[in-house]
Amino acid sequence: MARDEVVSLPSAFIRAGFAGAIGSLWTVSEKSTAMLMIRFYQLWRAEGKQPVQALARAQKELREKEKFRHPFYWAAFYMTGV
């Protein structure tokens, strides 16, 4: 899959009126993605962090776990829009 194809899906959501979207640059682990997204939503919705800050913090927390330290597990995610 070409990079422009990866970026186009989140961009389509932005054009459709969404404030922002999270995408990934490569196929990632289901377990680490679930952990990352759960923590992202906790930080964003429950703790009131801005979405970009919530994603960065969730990524930082995930990489602090020995099993998920490698960038493969957390570095693929980016936020568009917000």
Side-chain angles (χ1 to χ4, degrees):
M1 184 177 290
R3 176 160 165 66
D4 59 340
E5 292 171 342
V6 173
V7 174
S8 67
L9 183 59
S11 296
F13 283 111
I14 301 301
R15 278 181 254 148
F18 286 75
I22 295 177
S24 69
L25 298 172
W26 57 80
T27 303
V28 291
S29 157
E30 288 182 24
K31 182 171 179 125
S32 63
T33 300
M35 292 171 65
L36 182 78
M37 290 300 134
I38 288 168
R39 187 62 181 138
F40 164 74
Y41 280 103
Q42 287 173 340
L43 291 164
W44 176 37
R45 304 300 268 170
E47 296 185 26
K49 299 239 182 264
Q50 292 297 313
V52 173
Q53 294 170 328
L55 179 59
R57 173 121 174 249
Q59 287 173 309
K60 180 180 183 288
E61 289 178 12
L62 187 63
R63 76 175 179 251
E64 289 173 352
K65 297 180 186 309
E66 182 68 33
K67 184 176 181 178
F68 301 111
R69 192 162 287 168
H70 192 280
F72 166 79
Y73 296 104
W74 54 266
F77 298 95
Y78 65 95
M79 182 160 284
T80 303
V82 184

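The number of heavy-atom neighbours closer than 6.0 Å to CD of E64, taken from other residues, nucleotides and ligands shown, is above 12. Crowding of R45 atom CZ: a count of heavy atoms from other residues, nucleotides or ligands under 6.0 Å not exceeding 12.
The side-chain heavy atoms of I22 and F40, taken from C-beta on, include a pair separated by under 4.5 Å.
Rounding to the nearest 0.5 angstrom, the gap separating the CZ atom in R39 from the CD atom in E47 is 5.0 Å. Note: I38 CD1 to L43 CG = 12.0 Å, rounded to the nearest 0.5 Å. One distance of note links CG of L62 with NZ of K67; it measures 11.0 Å at 0.5 Å rounding.
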E61 and R57: side chain to side chain contact (heavy atoms under 4.5 Å, CB included), yes or no, with the steps? CA-CA 6 Å; E61 289 178 12; R57 173 121 174 249; 2.9 Å; yes
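Nearest approach of A76 to V28, heavy atoms of both residues: CB-CG1, 3.6 Å. Residue A75 comes nearest to Q59 through the heavy atom pair CA-NE2, 4.4 Å, listed as atom of the first residue, atom of the second, then distance. Residues Y78 and S24 share a closest heavy-atom pair of CE2-N, 3.7 Å.
F77 is linked by a ring-ring contact (aromatic ring centres under 6.0 Å, His included) to nothing, counting only residues two or more places apart in sequence or in another chain.
Each of F72, W74, Y73 was evaluated against S32; a single residue qualifies, Y73, per the side-chain contact (heavy atoms from CB on, under 4.5 Å) test.
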